[in-house]
Amino acid sequence: MPSDRVTDDRVIIAGGGIGGLAAALTLHQIGVPCIVFEAVRDMRPLGVGINLQPNAVREFYDLGIGAADLDRVGLPAKEWALVGLNGNDIYSEPRGKLAGYHWPQYAVHRGLFHLLLHDKVVERLGPGAVRLGSRVAGYRKHPDGSVSALVEHADGSTSEPRGALLIGADGIHSAVRAQMHPGQPPIHWGGAVMWRGTTWGKPIRTGSSFVGLGTHRHRIVFYPISHPDPRTGLSMINWIAEVTMDSSEGWKQSGWFRQVPIADFVHHFDDWIWDWLDVPALIRGADGAFENPMIDRDPVPTWRDGPVALVGDAAHPMYPTGSNGGSQAIVDSRILGACLVEHGVTEAALEAYDARLTGPISQLILRNRGAGPFGLLNMVDERCGGTFDNIDDVIPAAERAAFMAGYKAAAGFAVETLNKAPPTLAPGARVRMAAVAV
Ligand SMILES: Cc1cc2nc3c(=O)[nH]c(=O)nc-3n(C[C@H](O)[C@H](O)[C@H](O)COP(=O)(O)OP(=O)(O)OC[C@H]3O[C@@H](n4cnc5c(N)ncnc54)[C@H](O)[C@@H]3O)c2cc1C
């Protein structure tokens, strides 16, 4: 078992999810030593589909994780479409390179993608870089400006590794955030419940389309997350079935994420059958399903406390309506890296990071709470009760396009802006090591 001793010039990362591992790869790239403490004992491919927007894919390319890697865990997305219950299109647009981005958008299997990142961290930083079975319960700041993480190990022992900075990448239930903001309100649930699963099926439309079908209170989203199997032509289809219910009494189940029998919820979609899609069959074809309420947290005024900063869901847990929580976790880590290059491994770097992101991303949390890009479905409901023959009579094309452009600009993936922006981290950028000592 490698020693837990951490020299004072290292950065400690709490949480080895997508955000924590992207931070570790970034720190390694810019020459800053780091160590990741992850609560789970084994890395397993958990979760179903997530989207990596072009702004995040760009960062992976810059980290040397390219199409060959991403095509093993997902496929480039070609289209984003909203369809009404009558089967008519409400809105559709090309995605990724087809939309003019210099980088693709990828739809990936979250668990396989997570394992890919873990493999890259172990390959580049060494097997001791990620300490599994190590839960960070909190932190202690020291008068010399350094910080230690209070770590509880799976064997019952505890340790207090010290470093120059601590990055809290420990997800929506973050212990680091809870200590930073002891008065934060509890998790917020707005009434939507999601059931998620994957089913092998024939991809429709472009062969790699994200389809949101239904109304804003009752819908299913589905998209392929694997290239088709050359023998069968079938792809793994990720689906999220969603119903909004009365949330006035709060979430009644004990956990936020649990496996449930398909029979518990498929009845909500019994008559959702068209000649191009059979939703009950799609749902029943899955090996299993997970139920989780759509939750987030109210924004906090800062993601920083001296030498401690938050990234990813720990900083900005948000509704997945914009398909950008995972992407933002990656972008956070890269911007943090850029601030370290500029200011050294110092509190000033965390201050610059906080100043750059906390305000705009807090706005995005609230925007996603208001349905994010699915807001178009709210507009259809308000204007015609969800039934229409021609969408142009309900929301003119220009209004639909302006709505989507506004969302993409807020989420940092407006096409022109992203294409023109210089890399977040210039090739070869390194932290001046003299600045590392605390
Ligand atoms: C099991 C799981 C399944 C998911 N499935 C989906 C999905 O199917 N679709 C989707 O869109 N999004 C899913 N997500 C969320 C999505 O991955 C995140 O929104 C996004 O990637 C942001 O990543 P993050 O690293 O900030 O947070 P997370 O992905 O939540 O990662 C946080 C990590 O920190 C670890 N951790 C938690 N507390 C501590 C602690 N105190 N000390 C040390 N480690 C700790 C966790 O085990 C986890 O590995 C899932 C998340 C998890 C954890």
Side-chain angles (χ1 to χ4, degrees), residues 12-25 35-53 56 74 107-115 117-118 121 130-139 149-154 158-159 161 166-179 194-198 210 221 223 225 236 238-240 242 255-259 286 288-292 294-297 303 309-333 336 361 365 368 372:
I12 299 174
I13 300 173
I18 291 170
L21 296 180
L25 289 167
I35 185 165
V36 180
F37 291 98
E38 164 57 49
V40 301
R41 285 167 185 242
D42 307 296
M43 282 287 181
R44 287 186 294 129
L46 298 176
V48 282
I50 58 171
N51 271 274
L52 302 176
Q53 301 295 342
V108 299
H109 185 291
R110 183 216 175 255
L112 297 178
F113 173 65
H114 185 209
L115 290 192
L117 294 186
H118 181 243
V121 170
V130 183
R131 305 291 167 86
L132 298 175
S134 303
R135 174 174 298 280
V136 175
Y139 58 87
L150 312 177
V151 185
E152 297 168 356
H153 300 278
T158 58
S159 64
L166 168 67
I167 307 303
D170 47 347
I172 188 169
H173 305 292
S174 169
V176 176
R177 176 178 169 127
Q179 178 170 341
M194 298 180 288
W195 297 278
R196 303 170 179 230
T198 55
F210 174 110
V221 165
Y223 51 93
I225 53 171
M236 185 181 276
N238 175 63
W239 50 260
I240 304 146
E242 192 186 315
W256 298 107
F257 195 79
R258 60 185 194 126
Q259 194 147 14
F290 294 92
E291 176 184 80
N292 64 296
M294 198 186 280
I295 50 178
D296 66 3
R297 285 185 182 278
W303 300 348
L310 305 172
V311 301
D313 280 9
H316 48 69
M318 56 177 116
Y319 283 4
T321 45
S323 308
N324 58 328
S327 297
Q328 189 58 46
I330 293 151
V331 171
D332 294 347
S333 298
L336 180 64
I361 303 306
I365 295 172
N368 279 6

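When a residue number appears, it is its place in the shown sequence, counting from 1. Read the numbers this way: they start at 1 and go in the same order the structure lists the ligands and their atoms.
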Problem - Whether Ser134 lies under 4.0 Å from ligand 1, heavy atom - result: yes
Polar contact flag, side-chain donor to acceptor under 3.5 angstrom, [X]-[Y]:
X	Y	value
Asn292	Arg196	yes
Thr158	His153	no
Asn238	Tyr223	yes

Short list, please: which atoms of ligand 1 are under 4.0 Å from a heavy atom of [X]?
X	value
Gly47	3 (C), 5 (N), 8 (O)
Gly312	26 (O)
Gly171	27 (O), 30 (O), 32 (C)
Leu46	1 (C)
Phe37	43 (C), 44 (N)

I'd like to check whether [X] has a polar contact with ligand 1, where a contact means an N/O of the residue lying under 3.5 Å from an N/O of the ligand.
X	answer
Phe257	no
Gly49	yes
Val136	yes
Val48	yes
Ala39	yes

Please check this pair: side chain of [X] against backbone of [Y], looking for a donor-acceptor N/O pair closer than 3.5 Å.
X	Y	answer
Ser174	Val176	yes
His114	Arg44	no
Gln179	Tyr139	yes
Ser327	Gln53	yes

Exercise for the section: Using a 4.0 Å heavy-atom threshold (strictly under), name the region of Phe290 that reaches ligand 1: side chain, backbone, both or neither. Expected result: neither
Rounded at 0.5 Å granularity, tell me how far [atom1] in [X] sits from [atom2] in [Y].
X	Y	atom1	atom2	answer
Asp313	Gln328	CG	CD	10.5 Å
Glu291	Arg258	CD	CZ	4.5 Å
Ile167	Leu336	CD1	CG	4.5 Å
Phe290	Phe257	CZ	CZ	5.5 Å

Hey, looking at [atom], which of [options] has the closest heavy atom?
atom	options	value
atom 22 (C) of ligand 1	Ile18, Val40, Asp313	Asp313
atom 36 (N) of ligand 1	Thr198, Ile225, Asp170, Leu310	Asp170
atom 7 (C) of ligand 1	Glu38, Met43, Arg177, Arg196	Arg196
atom 2 (C) of ligand 1	His173, Arg110, His114	Arg110
atom 32 (C) of ligand 1	Gly138, Ala169, Ala175	Ala169

For [atom], what is the nearest protein heavy atom, given as residue, atom name and distance?
atom	value
atom 23 (O) of ligand 1	Gly19 N, 4.0 Å
atom 20 (C) of ligand 1	Gly326 CA, 3.6 Å
atom 31 (O) of ligand 1	Gly17 CA, 3.5 Å
atom 12 (N) of ligand 1	Ile50 CG2, 3.4 Å
atom 34 (O) of ligand 1	Gly15 CA, 3.4 Å

Exercise for the section: Decide side-chain contact (heavy atoms from CB on, under 4.5 Å) for Ile13 and Phe37; before the verdict, give the C-alpha distance in whole Å, the side-chain angles of both, and the deciding distance to 0.1 Å. Expected result: CA-CA 6 Å; Ile13 300 173; Phe37 291 98; over 6 Å; no
Exercise for the section: Would you please classify the geometry between the Trp303 ring and the His316 ring as parallel, tilted or perpendicular, with 30° and 60° separating the classes? Expected result: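 Answer is tilted, since the angle falls between 30° and 60°.
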